[in-house]
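Below is one structure, written out as structure tokens; comments come after it.
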Amino acid sequence: MDYNFWEIEPKWQQYWEEHQTFKTGNDFSKPKYYILDMFPYPSGAGLHVGHPEGYTATDIVSRYKRMKGFNVLHPMGWDAFGLPAEQYAMQTGTHPAITTRNNCDTFRRQIKSLGLSYDWSREINTTDPGYYKWTQWIFTRLYNTWYDKELKKGRPVSELPIPDAIRAQGEKAVRDYIAGKRLAYYDNAQVWWCPSCRTVCANEEVLTDGSHEKCGHPVNRKNLKQWLLRIPHYSERLLEGLDTLDWPEGVKDMQRNWIGKSSGAEVDFPLQGMDEILRVYTTRPDTLFGATYMVVSPEHPMLEKLVTPEFRETVAAYSRAASLKSDLDRTELAKEKTGVFTGTYALNPVTGLPIPVWVADYVLMGYGTGAIMAVPAHDTRDFEFAKKFGIPVVCILDPLKAEPGLREQVLAGDACWTEDGAYIRSANPVKGIDINGLNKEKGIATINQWLEDHGLGKATTNYKLRDWLFSRQRYWGEPFPVIHWEDGEITLDESLPVVLPELDVFEPGEGGESPLSNAREWLSVTGPDGRKGRRETNTMPQWAGSCWYYLRFIDPRNEEKIFDPQLEQYWMPVDLYIGGAEHAVLHLLYSRFWHKVLFDLGIVSTDEPFFKLFNQGMILAFAYETAMGAKVSSDLVEDREGRFFHKETGDELRQIVAKMSKSLKNVINPDDVVKQYGADSLRLYEMFMGPLDERKPWAENGVKGVFNFLNRAHRFFADVSNVAGETEDPETEKLLHKTIHRVSQEIENLKFNTAISFLMVFNNHVMKKGKVTKSTAETFARILSPFAPHLAEELWSLYGNRNTLAYEPWPEVNQELLKEDTVEYPVSFNGKMRFKLELPAALSVSEVEEAVIACEKTGKYLEGKAIKKIIVVPKKIINVVIS
RNA sequence: GCCCGGGUGGCGGAAUUGGUAGACGCGCUGGACUCAAAAUCCAGUGAUAGCAAUAUCGUGCGGGUUCGAUUCCCGCCUCGGGCACCA
């Protein structure tokens, strides 16, 4: 009988749908397991083979956990706001809502064709007003929250203490004061602007090369009134939380780097001839004796005061030039340092010597105090600058570990040294400070103490994390529930949802006007007092909807509340979250931030949303290139026994691994694979390709390989004449239990490739043996079911079972059967394996030694040499050391 | 430049993190069945030498520790990802 997957698969999919097999159970006495996929953006291209990779992995774990007796929450939904639908609307006039609905329908059909065990009754869509009502509601919470630095938590603004001095200035002052504390605020911001998309974007969305993550066009700076979220308040909390999570270390590191904590000190430098100080931030206060000049950023507020009349013009010109440069020019391209002298001198607080204050754009206003002390001998940037402008380089740290030649150069101020060493020229008896001879660690501690004692500075911490720019000049996004009144007051619109109005024109204005400013009727509001107002026309970024969707899955149809708190307490946190690594600092940082705010407000019960995170590796494809490195489209490649040739030129080509791309004609459509080999084959292959977290190339022959396995399993197990054994063969029984053990273990460790190989080994074994008992066949169907659920259900029903096996108990391992009576010891001589020796497992070490010596094969390898030592690792190896 | 991952047969990848390197799958070779092919089944398959038993070499490169290293240490090469004038 054929492996008729084309009949089996739709049949079982229909069964599951009709019986609501995967509707989440409401037996809350069971242990829960919440397993989540990063929900997709439903693009017009349909499902990519990368999607089923993560989805199959979570599906295997979900099915396994159900059989293990867990109450499993495994939902799916659509992150459906976003640019492509809007751009498509601009080109074709089709409303984004229609495009989105069609794309979701396609995705849903495709996902359902894979037999994934989602609870579809919980499907959510971020563009549904019933959903974004609560996205808006969370925004209102953010708006009404301030961060209490003492308690290290967010609190309602109603609890914000207002200083008397502010209160005395009247209502507007109080309002401004509160606005200055809110986690969501509206302000003028130097923002990244993408001229191609005509919208602003967040720091996190700008790539290293200065291009927009979404479209690839270069971005520039613009000054606009925008909504921002004060995520930096949560820097420390976001950092600390990472230590409690079972996440890939790489992702944690990326978040740590992004938050960018650094410890250092703020130091005050008195300005010569002025009653002012210039405050700097440095991570190397220990090098204070080597500070030979200072630099302020061109945007520094004190710059005006610092400039002496004779330098006014050059400094003004420099600042103007700097302001016109994009950040890209100021970083990437500006290998060469630039800067000008302000005419002012500051006094080095430890030496008392005057040092010049310069302005240069390599110092950024957004970090630290926007001013630095420069120590050219021990900082490469300062060294470069000092050499260019002829500023003295004073070495104050003897590089003991440097090579002799380099050490001489450093000591002479001709080279820069940033490592540890011993301080020299770092004492001033007049000031009562001496760190000569100390190392870096002690030097920093000593100087910090001295600075604090003298009121000249103190140890501080800095973070790179900046306010999160939270508004976009887009139509297809969540409207802000905000009204700007004619008198300048901003209030929330509490009647949620604020529904996105219908529009025919989606074009954003070149100057930054949002498309919603065309929605005239929707736009204007009149208050009860007759006051006129205008709605916020920006919309929220795509991250908003995905920041909290995992919470809505818990109680997706609740119209009264964001969710039932009791359900939240039961289901949270997410136990396993699988998705791509591209979200390491965007979605995953934003979500954690929102979640912590909600936690502080008592809305959620856990401090972190995702307990375990796992990143699936990207699925790539084979591609071909010529000797010169030119890529060749796959349809022009001929495979001749493992070597590849260009069909037209006949040149031999090199096989490489690259991203799937339309131009290389190597994109795989999951629908085609399902049609040709079935969903179980697609699932199995994606899991069998290699470790889940690694990038790996798609190979058609690999699909055939697993398809072949399913064929063989079907041929054997679907033939009931094979399932007729009375009692099980002991060898088969042993292997069966070993297989259950290994498969269970590998599922727990998310190592599905090896789990599948164990199933193959078992199948190969029984096919050779010829017959198994019904019990063995049923057990095999159960352990196969997480991977190939359609075939497993089919076999299960063939054996006379009426119900789905989705909730059958996972087979127990009989530990007795895992024990071996004998061990086949590899015997090696001086580490080289020579032969194998089967011995009873119960033998003691000395008995094993005796058996080895007694073995006749041993004599052959001794050849008159003496045994120095015999190493026996019980049940592993024997190594005979000979002279 | 800095921070993370990788590098194992012709290919995808295994190896209980110090104990038989190459499980499983693909591909290839030979055989059975067939008029023939496909499908299926059986056997073989890291390299070199040998009819063979067997021997030598072999996990990116060079050292080291160890009875024993894909695994640990030191120094490199290389591919991928992230960050980057953050003082």
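Note that the coordinates shown come from a computational prediction; the quantities given were computed from them, not determined experimentally. Atom set for the values below is all heavy atoms of this structure, side chains included, hydrogens, waters and symmetry mates excluded. To find a chain, count down the sequence lines: A is the first, B the second, and so on, and within it residues start at 1.
Among the heavy atoms of the strands lying under 4.0 Å from A/K696 are primed sugar atoms or P, OP1, OP2 only; no base atom is included. Within the 4.0 angstrom heavy-atom criterion, only backbone atoms of the sugar-phosphate kind lie near A/V761; the bases stay farther away. Within the nucleic acid shown, A/P691 comes within 4.0 Å of sugar-phosphate atoms alone, with no base atom in reach, counting heavy atoms only. At the heavy-atom level, A/N462 lies nowhere under 4.0 Å from the strands shown. Using a 4.0 Å heavy-atom distance criterion, A/R834 is classed as a sugar-phosphate-only contact.
For B/C51, there is no paired nucleotide, since no Watson-Crick or G-U wobble pair has both relevant distances below 3.5 Å. Base pairing analysis places B/A15 opposite nothing; no Watson-Crick or G-U wobble pair with both distances below 3.5 Å involves it.
In this pair, A/F717 and A/F762 present their aromatic rings parallel. The plane angle is below 30°, not in the 30 to 60° band.
The nucleotide whose nearest atom lies closest to any side-chain atom of A/N879 is, among B/G82, B/G19, B/A21, B/G19.
Interface remark: the A/K337 side chain does form a donor-acceptor pair with the B/C85 base, using a distance-only criterion of under 3.5 Å.
A/Y677 and A/Y685 have their aromatic ring centers separated by at least 6.0 angstrom.
The shortest heavy-atom contact between A/P874 and A/V845 is CG-CG2, 4.1 Å.
In this structure the side chain of A/V49 reaches within 4.5 angstrom of the side chain of A/M660, judged on heavy atoms.
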